[in-house]
Amino acid sequence: MATDAAPTTEGRRRNARLQCGAMTTSIFGSAVLRTEDPRFLTGAARYVDDIPAPGALRAVFVRSMMAHARLSRLDASGAARMPGVVGVYGAGDLPLRPRPPAGNVEGPFERPVLARDRVRYVGEPIALVLAETLAQAEDAAEVVEVELDPLEPVISPEGALAEGAPVLHPEAGTNLAHAFEEAWDEDVLDGAEVVARVRVRHQRLAPAPMEPNAILAVPGDGGLTVWVSTQVPFDVRDELAEWLDLPKELVRVIAPDVGGGFGSKLHVYPEYLACAAAALRLGRPVKWVETRSESMLGLNHGRAQVHDVELGATRDGRLVGLRVDILADLGAYPIAAYLPPTTRTMLPGCYVVPRVASRGRSVVTSTTPVAEYRGAGRPEATLSIERAMDVLADELGMDPVELRRRNLIPPDAFPYRTPVGSIYDTGAYERALDEALRLVGYEELRREQAERRARGERRALGVGVCCYVEVTGFSRREFGAVEVEPDGRVVVRVGTSSHGQGHETAFAQIAAWVLGVPVERVRVLHSDTAAVPRGEGTFGSRSLQVGGTAVHEAASAVLAKARAVAAHLLEAAVEDVDLLPEGRVGVRGAPERSLTWEELAAAARDPARLPGSLEPGLAAEARPSQREYTYPFGTHVSVVEVDLETGEVTILRHVSVDDCGRILNPMLVRGQVHGGTAQGLAQALYEEMLYDEWGTPLTGNLAAYAIPAATELPAYESAHTETPTDLNPLGVKGIGESATIGSTPAVHNAVVDALSHLGVRHLDLPLTPERVLRAVREAGPA
Amino acid sequence: MLPSRFEYHRAETLDEALSLLATYGEDAKVLAGGQSLIPMMKLRFAYPGHLVDVNRVPGLDGIEERDGALRIGALVRHHALETSELIRSRYPTIAAAAPQIADPLVRNLGTIGGSIAHADPAGDLASVMLALGATVVLRSSGGSRELPLREFLVDTFTTQIRPDEMLTEIVVPAAEPSSGGTYLKQERKVGDWATVGVAVALTLRDGRIARAGIGLTSVGLTNLEATEAEEALAGAEPTDEAFAEAARLAAAAAHPVSDVRGSAEYKRHVVDVYVRRGLARAREMAAA
């Protein structure tokens, strides 16, 4: 249980120790400096736009300016005559099959690659312009004539289900794309003496990664080589092959350095298919890089759920039941309708809730499709239960911390099966809560709050607590391979796809630990379908637990083989041969009888020097499957100040105690926590994608959509408890999304808490000054 | 995100710049810091055929007091205002606003002349200069003229400037003793357009208000001068009640529109609060 160590010098010391191959120390807890960072810090990183592409055509998409309209005419003749233009393609010119819906949706909610006869959101691609230069392509795109006959848009999820609402996909006959019910007819609040009711709006967010979407498709040898800014290169490979009728082995997909994804780069976008098809047709490389304004509408959005929450309890604060009605806005095409069901699996949060009823309805609207965004379904569950807990505490006249304590799942209850069927692996929820309260000085803050209120101060103090548990490790199988090269260097191949997380460091640490070599001697290959035979990609905080486990297993197999080879060559029993402290493999207690990795690699290549049963080479592959998901947890506490005259909110402190099982590299964990907290606080106070009544985005660029920066954000106080999981040999859980999930409700609760003495019980996000002030005024004087 | 085609001219002298403007007229734009013009060109909201780069023109970057006035050259960067000892010691309204303009990257390049000539009502400096009663100097090949800023500003992105003219200088009445001032701004985040900004300048004499200036940002078609509030304060005692009344008048003078930053009603309310707070702060400084 320790707060973050100072990063740099400590990290360097540990790096140095690892270089000595000091195997007596576990690799866990070593803040090894990120091996990726020199190239990022010196500008040597290569993103798609940096890949040299001699002779590449530049692609620009003509997009819909209307939310819902009939596409009555597309005339590219003028554009086609513009200087440098090589091709202008509409749906009729690029015969690509539409894409089926995904994520539990049955039926005809197909998505065309380029709009055919109808557009369903502002930003939907209609035509593709290809020219010798980007300027020429942009000039030509301006003169492509598109005639749209406006149809009534569907802006809100409530509107999608309204009587007489326009149907966006006539062939489906309804805007309801997916629905589920669980115990919906049961009176799960039976026996409750108090019921808290709250409508929680999880506003629509734009993931807005630093690097927008991009692809470079280079045809050749009957196939394609593609560089693309994605989290899932293997999915891109498979779908390009399928849609373009190419054998998979003729499609190579590389995700070079990727400037963030946050879930938005989990999909195979229509633009990829259009650019790849055009490259094949023209026999020339095609490069497309989104502008920021395009990206805000082109990359999938996140969240966009509305929950009606009812939480019942006895007078003494024992939870009785929870009922949640979920209405989810999927945008124009249902590509991730599994998200509301994911939310369902986490509805009761960290608490013993005897009965849970839920219903989910997911609808299409004439807006950008909604899909995964950091947390993807779990932040919605957490915010709803954590808001409901505070409202309930208010109704009961109980401190919100006390209410939580009375209902937290106790540490001896794990593995714990929740009424919605999730099996929480391990947890020590109250320990994380205690630690967060200790760090923030909870009692002291409550005293200060009372004093300020007594003095009638203009700046109200608020403290908000969020206890969260989330689920990680989706797609439980992953590929890892480890090979010792003749010079003793180690190559790791892994099917996850780092796009900022620092996998090259983390996986090198694991291989270095197992094999007793310096981290610097390990090279990690990923995100290239020609270098790695298979993989799932990176999402859902899965990479260390499934990818790391695969690397660990492969490295362990290599070590086992190395011991067998060494035993054979040294004429010793395998049981007596082990990894020695100097990074050699040899006889325990007799260091003179040992071999270096170079010697072992050389021997392993020579069948004559191997024991009969072994194949040549010092390499192994693994593809383990994790039995179940893991459940990281923690507590975030936010301290805010609210100006009661203007509604302005200042976050004074944000304390987090996140438990992601064993910590491999504290520096990587800190990076995830800090970035995740920033995005969570942003949801609480700043971000929202808004549309007007015509379905025109009001926040379609970064001038309108507010993303906070360092100036707006507090210094994070992040700490950890470590409760290992037994579901993987490393004992690790995911950390990529935890802080996003934990931080939003803490700030939300803190702001409401600051106003609770005025009678305020709930506010919608984001907590803009105006919204806060309105609540203050409506509540009236204290 | 590429501008449409244009021709680039680099002027080495003011005369050369003015002669280029005379030649190309409406089709030319002056390029100084480029912090608004270039993004507008990249978004293709603006497509001038000619850019006249004046960054190398000498003599336009001075900050000095001369003949009873503070004279600020059009090419003075926001960062220079922010770090000027003269500004810091004698012009608190400018000193308070300068570090609040956008972010350091913008302040390193953006110029006061560009900010004012661009006439975006969300610009901070025009409100400050209205509060201080500034005038602007406009030069052309044919000569020069000086206009009060409040007359210069006509509409959003529209001023009295003629196509052959260039704004070369801002002239502010020299600071008087017993003065104070500040700039209060609500912005969602650093670098965002202001939700509301309020510039306040106050001079006290013999226990009364000798002069009050109030400029408003982002609450009208141009930066606004709250003249009724100013007049109500002139000659009055600097009491909380007088400030509250001035704040009420300033809020009434504001004509904000509802947008993603807030409703018109909310913005007017913030004007009210900020004018009160700004005047109280200015009074403290003037009394110190």
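Per chain, numbering begins at 1; letters A, B, ... match sequence-line order. Nothing here was measured: the structure is a model prediction, and the numbers come from that model.
- When the candidates A:Gly647, A:Ser293, A:Ala135, A:Ala703 are compared by the number of heavy-atom contacts under 4.5 Å with chain B, A:Ala703 comes out ahead.
- Counted within 6.0 Å of NZ on B:Lys29, heavy atoms from surrounding residues, nucleotides or ligands total 12 or fewer; the atom is thus considered open.
- A:Thr646 and B:Tyr266 get closest at one heavy-atom pair: O-OH, 2.5 Å.
- Looking at B:Gln186 and A:Asp643, their side chains never come closer than 4.5 Å, going by heavy atoms from C-beta outward.
- Contacts of A:Glu712 with chain B are made by side-chain atoms alone, with heavy-atom separations under 4.5 Å and no backbone atom involved.
- No more than 12 heavy atoms of other residues, nucleotides or ligands sit less than 6.0 Å from atom CZ of B:Phe45.
- Counting heavy atoms of neighbouring residues, nucleotides and ligands inside a 6.0 Å radius, atom CZ of A:Arg455 exceeds 12 of them.
- Between atom NZ of residue B:Lys42 and atom CD of residue A:Glu138 there is a gap of 10.0 Å, rounded to the nearest 0.5 Å.
- Interface residue B:Val190: backbone and side-chain heavy atoms are both found under 4.5 Å from chain A.
- Heavy-atom neighbours of B:Glu265 CD from other residues, nucleotides or ligands within 6.0 Å: at or below the threshold of 12.
- At a 4.5 Å heavy-atom cutoff, A:Glu294 makes no contact with chain B through either its backbone or its side chain.
- Around the CD atom of A:Gln203, the shell of radius 6.0 Å holds more than 12 heavy atoms that belong to other residues, nucleotides or ligands.
- With a threshold of 4.5 angstrom between heavy atoms, A:Leu134 approaches chain B through its backbone and through its side chain.
- Heavy-atom minimum distance, B:Val260 versus A:Thr699: CG1-CG2, 3.9 Å.
- Distance CG/A:Asn701 to CG/B:Leu43: 7.5 Å, rounded to 0.5 Å.
- Considering OG1 of A:Thr768 and CZ of B:Arg188, their distance stands at 10.0 Å, rounded to 0.5 Å.
- Put simply, of B:Ser263, B:Gly262, B:Ser4, the one with the most heavy-atom pairs under 4.5 Å next to chain A is B:Ser263.
- Interface remark: A:Leu773 contributes side-chain atoms only to the contact with chain B (heavy atom separation under 4.5 Å).
- Between atom NZ of residue B:Lys189 and atom CD1 of residue A:Ile707 there is a gap of 6.5 Å, rounded to the nearest 0.5 Å.
- At least one side-chain heavy atom of A:Asp139 sits under 4.5 Å from a side-chain heavy atom of B:Arg44.
- Minimum heavy-atom separation, A:Glu645 to B:Val273: OE1-CG1, 3.5 Å.
- No more than 12 heavy atoms of other residues, nucleotides or ligands lie within 6.0 Å of CE in A:Met65, so this atom counts as exposed by the packing criterion.
- Of the two parts of B:Arg277, only the side chain, counted from C-beta on, holds a non-hydrogen atom closer than 4.5 Å to a non-hydrogen atom of chain A.
- Residue B:Glu26 places its CD atom among 12 or fewer non-hydrogen atoms of other residues, nucleotides or ligands, all under 6.0 Å distant.
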